[in-house]
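Reading through the structure tokens given below for one structure.
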2 protein chains.
Amino acid sequence: MSQARPTSPGTLAGELRVGANRLVRKLRHQRGQADLPEHQFVVLTALNKFGPMTPGALADLEGVRPPSMTRTVNALVEHGFVSKLANDQDKRQITVQLTPQGRNEIKETRRRRDAWLTKQLGSLSPEDRQTLAQASELLKRIAGH
Amino acid sequence: MSQARPTSPGTLAGELRVGANRLVRKLRHQRGQADLPEHQFVVLTALNKFGPMTPGALADLEGVRPPSMTRTVNALVEHGFVSKLANDQDKRQITVQLTPQGRNEIKETRRRRDAWLTKQLGSLSPEDRQTLAQASELLKRIAGH
DNA sequence: CTATTTAATTACTTTAGGTAACGGTCTATG
DNA sequence: CATAGACCGTTACCTAAAGTAATTAAATAG
């Protein structure tokens, strides 16, 4: 494990971009027929993490425009994974919330889609897994919200 | 550095997927007007790494259907970043190869698109950068080639 | 030598995103 | 306090990038 000189941000950036892109592409390729499209799934996970939100807040969070989020939310409503709730304080707004089926779908989808990755990780040493665990935190921190 | 129990592959998979996805999404969001679309850029980098290839081989490599690759290659030809070359052994096939402008575009695009990430990495501690450097290797290993 | 297979392409469809504009609701100021 | 403007979700329409089906031309197997 040579550590001659500190890793320079510039060269690391390229390495990290390539590594992250490859993993994401591979994971996308692993996505089965049964799984929800990524843009729908991330909305479920956002609601699971932050609780009920308006479509506008979801759009901001996911970095898409409001009309796109309207479509995504409507698709999820049709699947029965979320429901829309009127807001009595401000009648312009609505609240989107997970249904029990939505919660279940998160669990099932994660299980299916992480099966491949879990297998790969299982073949690494505990030290390497520890490295990746720390890296996961750093990635999230870098990416902000 | 608390290491009470070994990081389980199952929970790590979820963390890693989220972290990698967020970074990639953020990087995509940072992509400037001047940069090529990702699907075009990755073809340039593939040609740079593996040398001249047929459209079919590129399609396999990128996990995309042949008609999509035909379009991507044609767009790159119009930009002058690659050129098509007839194959005399098998006249059904063509070879796609980088032009000098294509090579230059890779360099320039990488420089531009890594500017943001380089800045983020610069604000981390050398230890964290070391963690990410190791993680980059692991990500590439996991994702295969 | 014909029949099948293969490679790239063309034509058309699907998916997921964007912008512009609208309609109902809230809010601030004149 | 009335109304002008801002805000929120939505609708209508457009664009980008991928897919499938069908086409053309070339190689190869029987």
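Every chain is numbered from 1, with letters handed out A, B, ... down the list of sequences.
Contact annotation: the side chain of A/Lys49 never approaches that of A/Thr45 to less than 4.5 Å [non-hydrogen atoms, C-beta and beyond]. At least one side-chain heavy atom of B/Glu62 sits under 4.5 Å from a side-chain heavy atom of B/Met69. Annotation: side chain of B/Asp128 is in contact with side chain of A/Arg141 (closest heavy-atom distance under 4.5 Å).
The CG-P distance, from A/Leu76 to C/dA16, rounds to 11 Å in whole Å. One interatomic measurement links the two molecules: CE of B/Met69 to P of C/dT10, which rounds to 16 Å at whole-angstrom precision. For the pair B/Leu58 CG and C/dA7 C1', the interatomic distance rounds to 13 Å; values are reported in whole Å. Whole-Å rounding puts the B/Asp60 CG to C/dT6 P distance at 13 Å. Rounded to a whole Å, the CD1 atom of B/Ile94 is 7 Å from the C1' atom of C/dA8.
The cationic atom of A/Arg113 (NZ for Lys, CZ for Arg) lies less than 6.0 Å from the six-membered ring centre of A/Phe41 and within 45° of the ring axis.
Other members of the hydrophobic cluster containing B/Leu139, listed by chain and number, are A/Leu23, A/Leu27, A/Trp116, A/Leu117, A/Leu121, A/Leu124, A/Leu132, B/Leu12, B/Leu16, B/Leu138, B/Ile142; membership follows side-chain contacts under 4.5 Å among ILVMFWY residues, whether direct or relayed.
Atoms CD and OG1, from A/Gln130 and B/Thr131 in turn, are 9.0 Å apart once rounded to the nearest 0.5 Å.
Summary of the strand contacts: B/Gln93 and A/Glu38 both lie near DNA chain C, and taking for each the nucleotide with the nearest heavy atom, the more 5' one is attributed to B/Gln93.
Checking each of B/Asn74, B/Thr95, B/Val77 against B/Val82 for a side chain to side chain contact (heavy atoms under 4.5 Å, CB included) leaves exactly one that passes, namely B/Val77.
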Review point. Which nucleotides of nucleotides 18-30 of chain D have their base under 4.0 Å from a protein heavy atom (B), which only their sugar-phosphate (S), and which neither (-), written as one string 5' to 3'?
Key: BBBB----BS---
Check your understanding: For DNA chain D, what is the dot-bracket line, given that a base pair needs Watson-Crick (N1 to N3, plus N6-O4 or O6-N4) or G-U wobble (N1-O2 and O6-N3) geometry with both distances under 3.5 Å, and | means paired with another strand?
Key -> ||||||||||||||||||||||||||||||
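By the rule that hydrophobic residues join a cluster once side-chain heavy atoms approach within less than 4.5 Å of another member, A/Val73 and A/Leu61 end up as members of one cluster.
For C/dT9, the OP1/OP2 oxygens have a side-chain nitrogen or oxygen of B/Thr70 closer than 4.0 Å.
Contact record, B/Leu47 with B/Pro52: CD2-CA, 4.3 Å, taken as the closest heavy-atom pair.
Listed candidates were D/dA17, C/dA8, D/dT10. Nearest to the side chain of B/Pro37 is D/dA17.
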